[in-house]
Amino acid sequence: MTQTNEPVDFIREIVKQDLAANKWGGSPITRFPPEPNGFLHIGHATSICLNFGIAEETGGQCHLRFDDTNPTKEDQRYVDSIMRDIEWLGWSWNEHLYYASDYFDQLYEFAVRLIRDGKAYVDDQNAETIRIDRGTLTQGGSDSPYRDRSPDENLELFEKMKNGEFQEGEKVLRARIDMSSGNLNFRDPVLYRILKSDHQRTLGKWCIYPMYDFAHGQSDSIENITHSICTLEFEDHRPLYDWFIKELNIHHPQQIEFARLNLTYTVLSKRKLSQLVDEKFVEGWDDPRMPTLSGLRKRGFTAESIKEFCRLIGVSKRPKTIELSLLEHSLRKGLNLTAPRVMGVLRPLKLVIDNYPTDTTEYLEATNNPEDESMGTRLVPFERELYIERDDFSEDPPAKFNRLAPGREVRLRYGYFVTCTSFVTNPESGEIIEVHCTYDPTTKGGYAPDGRKVRGTIHWVSANNCVDAEVRLYDTLFTVEKPDESDDFREVINPNSLEVVRNAKVETIVLDPNGGNTYQFERLGYFTKDTENESEEVPLFHRSVTLRDTWAR
RNA sequence: UGCCCCGUGGUGCAGCGGUAGCACAGCGGACUUUGAAUCCGCUGACCUAGGUUCGAGUCCUAGCGGGGCAGCCA
């Protein structure tokens, strides 16, 4: 058990007290119960880190259980991606991999017990009628005319449901509780519906499937879960969760709810996320603009940064919207310490050093990571013709512009001081196509022996000794902080969320297969090589996150 | 005109009856061969009203505000 001075959230507090009181007679058992109908996103990560984290901290166990009770929406593809993402985050369910569908026989038996006890009945009404009879938020519902069927009749009908003797929608099994309850979940909730579609795991064995409310708690119970942690929208379901377990007289886990995550400038509902994919607003579930774990991974987020983020936001019951900057901070914090530095020019502008020899290449020593001396140094080729960032030259510099401009002297990082002497424009477009300068040979490495200062330091690459790269620059997927509050979230999609830069110039060292995938391009940000793109002749980089920039570019 | 939950700086989190702290963001400064990082500083909050108490952000009540719930989704 790790001891820290970190404040303990209310759920860990409960677990701690239960442990002290030996409430469960053993270690805590939690579970992460995704439905395999989509990819995991950053919001799921908070739940994963909570459940697996608590288990790890207390010597308990966290189960992975797929809540696969609706074969019409679920798919093995999602099961695979979910397992990959959890493992990528660094958690392990060990041998505790389960599926709600593993319990279909037991769940059926539970239903039979409720029927025998007069606590459940088969209803012949259609969905529409049931909905109307359920009443409204402010008015109680009315009893179904089939509510008082005898247990024997119900047993027989339920078995026929199971045997496929009825059509979809023709009958459902309902709990017999209280149609006038203020809690809508108590108004005779549906327990089983007929679904004549094959299940990805049980195949054609069943044509009736349990609803969430009937499957979830009992599955928790079967697995001896101690703390069943879920999100706030299930708060109203807890009395029902407790009701089933009490009626069935089985192991009673404690359901605890916490607030789900919202992030500014993004959406985190599976429905909207899959809409973005289906309607081609993004390239797929793992598009680097997506808040999915696979998207974030492709973007260059590390598992550690995601965990750090989850730690920073804490756990509570208040609906929360976290600022995207906190997620970015979590990434930069880690990458600052680990990512090798490299120079890369996104929008190349040729810089010619007129007084530098034409046939010379010097190799200048550059620090790989100023935060970590053990990462050493590298040699960067320096020649007469270089590329600098187009933004780093200004014909008519604004106030406080610290970069290159006519007559100004700047330092080329790890190189020399250079002074701009002239520039060439395209007579047609007026675009600046080349900048000329002279260098001071005594400033090699970037130090002036006379101690004179220079206003700025800019990055560069050797024009004839660099690699071309495609770089994808990402901005938020939405133009407003809370796209969920728009009438149609598709109308606030950011048309400029992706910018493809095709002729970036980067130090050749990024080609080194042993160099890792994420680099800091100095002064620009962190960029991650796309490893699925290895076959292309030009490397592809995703901008993971920019550097913090107090200068309004 | 039902039931449930939640109200602490801009955003989050802590404070467990003894007079508010942390992170991110913002602003300013130091340092700087990344306008980064690092360091220092500043701005800025207990929803309201009663009550209990020597003492309330913390306990009670009411009000106000916010959120969730009317799938044969989870």
Side-chain angles (χ1 to χ4, degrees), chain A residues 6-9 13 33-35 37 67-70 72-74 123 125-128 130-132 134-141 168-174 180-187 189-195 208-209 211-213 215-216 230-239 257 259 264 270-271 311-330 332-333 336-337 341 343 366-367 370-371 400-403 411-415 417 445-447 454-459 481 520-525 546-553:
Chain A
E6 288 281 312
V8 166
D9 60 71
E13 185 63 39
E35 183 190 14
N37 67 344
D67 227 332
D68 55 348
T69 57
N70 186 351
T72 65
K73 293 189 173 175
E74 295 150 9
D123 196 339
Q125 298 183 112
N126 60 31
E128 174 74 358
I130 288 178
R131 185 176 62 75
I132 292 167
R134 186 153 31 227
T136 67
L137 292 176
T138 52
Q139 286 174 16
E168 276 189 23
E170 202 178 331
K171 285 181 169 46
V172 289
L173 182 72
R174 292 227 260 167
S180 67
S181 174
N183 183 342
L184 287 276
N185 296 119
F186 270 4
R187 321 244 261 233
V190 171
L191 269 35
Y192 270 91
R193 77 289 216 190
I194 298 168
L195 250 30
I208 58 171
Y209 293 92
M211 297 287 289
Y212 165 84
D213 282 311
H216 196 88
C230 61
T231 45
L232 248 31
E233 66 269 27
F234 294 104
E235 225 157 13
D236 289 343
H237 293 248
R238 175 159 31 92
E257 312 85 14
T264 56
K270 273 195 208 169
R271 201 197 98 241
R311 194 184 64 75
L312 287 175
I313 65 178
V315 180
S316 71
K317 298 192 76 159
R318 307 184 212 176
K320 67 185 90 186
T321 302
I322 308 288
E323 291 174 345
L324 193 60
S325 60
L326 190 66
L327 218 209
E328 297 183 334
H329 163 79
S330 307
R332 289 193 193 105
K333 187 178 174 184
N336 177 44
L337 267 22
R341 271 58 169 174
M343 289 191 283
T367 303
E371 306 289 333
K400 293 183 184 171
F401 185 85
N402 288 343
R403 294 163 262 169
R411 170 167 40 233
L412 295 175
R413 177 136 226 220
Y414 299 123
F417 284 13
Y447 296 95
V454 99
R455 288 178 72 177
T457 302
I458 64 175
H459 59 277
E481 272 202 351
Q520 184 195 97
F521 290 3
E522 295 213 30
R523 305 209 302 133
L524 297 177
T546 61
L547 250 29
R548 191 164 166 274
D549 190 3
T550 49
W551 170 259
R553 287 213 181 203

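Heavy atoms only: backbone and side chains are in, while hydrogens, waters and symmetry mates are out. Lettering of chains follows the sequences in order, A, B, ..., and the numbering in each one begins at 1.
- In a base pair of the Watson-Crick type (N1 to N3 plus N6-O4 or O6-N4) or a G-U wobble (N1-O2 and O6-N3), with each distance short of 3.5 Å, U11(B) is matched with A23(B).
- A sub-4.0 Å separation between OP1 or OP2 of C73(B) and a side-chain N or O of Arg193(A) is present.
- Residue Arg134(A) has a polar side-chain atom (N or O) positioned under 4.0 Å from OP1 or OP2 of C72(B).
- For C39(B), the paired base is G29(B) (Watson-Crick or G-U wobble, both distances below 3.5 Å).
- Proximity of a side-chain donor or acceptor of Arg411(A) to a complementary backbone N or O of Gly446(A) within less than 3.5 Å is detected.
- C27(B) sits 34 Å from G18(B) when the C1' atoms are compared, rounded to a whole Å.
- OP1 or OP2 of A36(B) lies within a sub-4.0 Å distance of a side-chain N or O belonging to Thr550(A).
- Across the C1' atoms, G2(B) and G15(B) are found 35 Å apart, a figure rounded to whole Å.
- A donor-acceptor pair under 3.5 Å is absent between the side-chain atoms of Thr231(A) and the main chain of Glu233(A), judged by distance alone.
- Remark: Arg131(A) is not in phosphate contact with C72(B), judged by side-chain N or O atoms under 4.0 Å from OP1 or OP2.
- Residue Met211(A) is classed as a sugar-phosphate contact, given heavy-atom separations below 4.0 Å to backbone atoms only.
- Atom pair Leu191(A):CG and C73(B):P shows a separation of 13 Å (rounding to whole Å applied).
- Rounded to whole Å, the separation between the C1' atoms of G21(B) and G57(B) comes to 13 Å.
- Residue Leu326(A) is in sugar-phosphate contact alone, with no base atom involved, counting any heavy-atom pair closer than 4.0 Å across all strands shown.
- Dashed line: the shortest gap from a side-chain N or O of Lys73(A) to OP1 or OP2 of A74(B) is not under 4.0 Å.
- Residues Glu35(A) and Lys73(A) are not paired through a salt bridge, judged by the lack of any N-O separation under 4.0 Å between the basic side chain and the carboxylate.
- No contact: Pro34(A) has no heavy atom under 4.0 Å from any strand.
- As judged by a 4.0 angstrom heavy-atom cut-off over every strand, Gln125(A) is placed among the base-contacting residues.
- Phe234(A) comes within 4.0 angstrom of a base, heavy atoms only.
- For the pair Leu412(A) and Arg548(A), nearest-nucleotide mapping onto RNA chain B gives the more 5' position to Leu412(A).
- Looking at heavy-atom distances under 4.0 Å, Arg411(A) makes contact with a base.
- Across the P atoms, C47(B) and G10(B) are found 12 Å apart, a figure rounded to whole Å.
- Within the nucleic acid shown, His216(A) has no heavy atom closer than 4.0 Å to any nucleic acid atom.
- Anti is the glycosidic conformation of G29(B), whose angle departs from 0 by more than 90°.
- Of the P atoms belonging to C46(B) and C3(B), the separation is 31 Å, rounded to the nearest Å.
- Using a 4.0 Å heavy-atom distance criterion, Tyr447(A) is classed as a base contact.
- Side-chain proximity of Leu184(A) to the nucleotides C5(B), G35(B), A70(B) is greatest for A70(B).
- Taking atom CD of Glu128(A) as the reference point, atom P of C72(B) lies 11 Å away to the nearest angstrom.
- We find that CG of Leu327(A) is positioned 14 Å from C1' of A23(B), with the value rounded to whole Å.
- In this structure, the OH atom of Tyr414(A) is 8 Å from the P atom of U34(B), given to the nearest Å.
- The gap from the C1' atom of G7(B) to that of A49(B) amounts to 15 Å, rounded to the nearest Å.
- Computed from coordinates, the His237(A) NE2 to A74(B) P distance equals 11 Å when rounded to whole Å.
- With U34(B), A14(B), C72(B) as the candidates, the nucleotide lying closest to the side chain of Asp9(A) is A14(B).
- The residue Asn37(A) sits apart from the nucleic acid: no heavy atom pair falls under 4.0 Å.
- Position along RNA chain B of the nearest nucleotide to Gly314(A) versus Gly446(A) favours Gly314(A) as the more 5'-ward residue.
- Taking CZ of Phe186(A) as the start and CG of Asp236(A) as the end, the distance is 10.5 Å to the nearest 0.5 Å.
- Whole-Å rounding puts the Glu233(A) CD to G66(B) C1' distance at 16 Å.
- Pair check for G65(B) finds C6(B); Watson-Crick or G-U wobble, both atom distances under 3.5 Å.
- To the nearest 0.5 angstrom, Glu74(A) atom CD is 5.5 Å from Asp68(A) atom CG.
- Between the CE atom of Met343(A) and the CZ atom of Arg413(A) there is a distance of 8.0 Å, given to the nearest 0.5 Å.
- When the nucleotides A14(B), U34(B), A74(B) are ranked by their closest atom to the side chain of Asp67(A), A74(B) comes out on top.
- In this model, a side-chain donor or acceptor of Asp236(A) finds a partner on the base of G68(B) within 3.5 Å.
- When Ile130(A), Ile132(A), Val172(A) are each tested for a side chain to side chain contact (heavy atoms under 4.5 Å, CB included) with Gln125(A), only one passes: Ile130(A).
- With hydrogens and angles ignored, no donor-acceptor pair under 3.5 angstrom links the side chain of Glu323(A) to the base of G12(B).
- Rounding to whole angstrom units, NE2 of residue His329(A) and P of G26(B) are separated by 12 Å.
- Heavy atoms of Gln520(A) sit under 4.0 angstrom from at least one base atom.
- Going from the P atom of A14(B) to that of C59(B) covers 14 Å, rounded to whole Å.
- When the P atom of U34(B) is taken as reference, atom CG of Asn402(A) falls 12 Å away, rounded to whole Å.
- Within the shown strands, nothing qualifies as a pairing partner of U34(B) under the Watson-Crick or G-U definition with both distances less than 3.5 Å.
- Nucleotides G9(B) and C42(B) are separated by 14 Å at their C1' atoms, to the nearest Å.
- Backbone-only engagement by Ile313(A) is indicated by non-hydrogen atom pairs under 4.0 Å involving sugar-phosphate atoms exclusively.
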Set out, in order, the CA-CA distance, both residues' side-chain angles and the distance that settles side-chain contact (heavy atoms from CB on, under 4.5 Å) for Ile458(A) and Arg523(A), then state yes or no. CA-CA 8 Å; Ile458(A) 64 175; Arg523(A) 305 209 302 133; 3.6 Å; yes

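- Where stacking is scored as ring centres under 5.5 Å apart with planes under 30°, Trp551(A) registers as stacked on the base of G35(B).
- Comparing atom distances between the Arg403(A) side chain and each of C72(B), U34(B), G35(B) picks out G35(B) as nearest.
- In this structure, Ser330(A) reaches neither bases nor backbone, as no heavy-atom distance under 4.0 Å exists between it and the strands shown.
- In terms of phosphate contacts, Thr69(A) brings a side-chain nitrogen or oxygen within less than 4.0 Å of OP1 or OP2 of A74(B).
- A sub-4.0 Å separation between OP1 or OP2 of G12(B) and a side-chain N or O of Arg318(A) is absent.
- Residue Val454(A) is out of contact with every strand shown, counting any heavy-atom pair closer than 4.0 Å.
- If you check every strand for non-hydrogen atoms under 4.0 Å, Phe401(A) touches a base.
- In terms of phosphate contacts, Arg238(A) brings no side-chain nitrogen or oxygen within less than 4.0 Å of OP1 or OP2 of C3(B).
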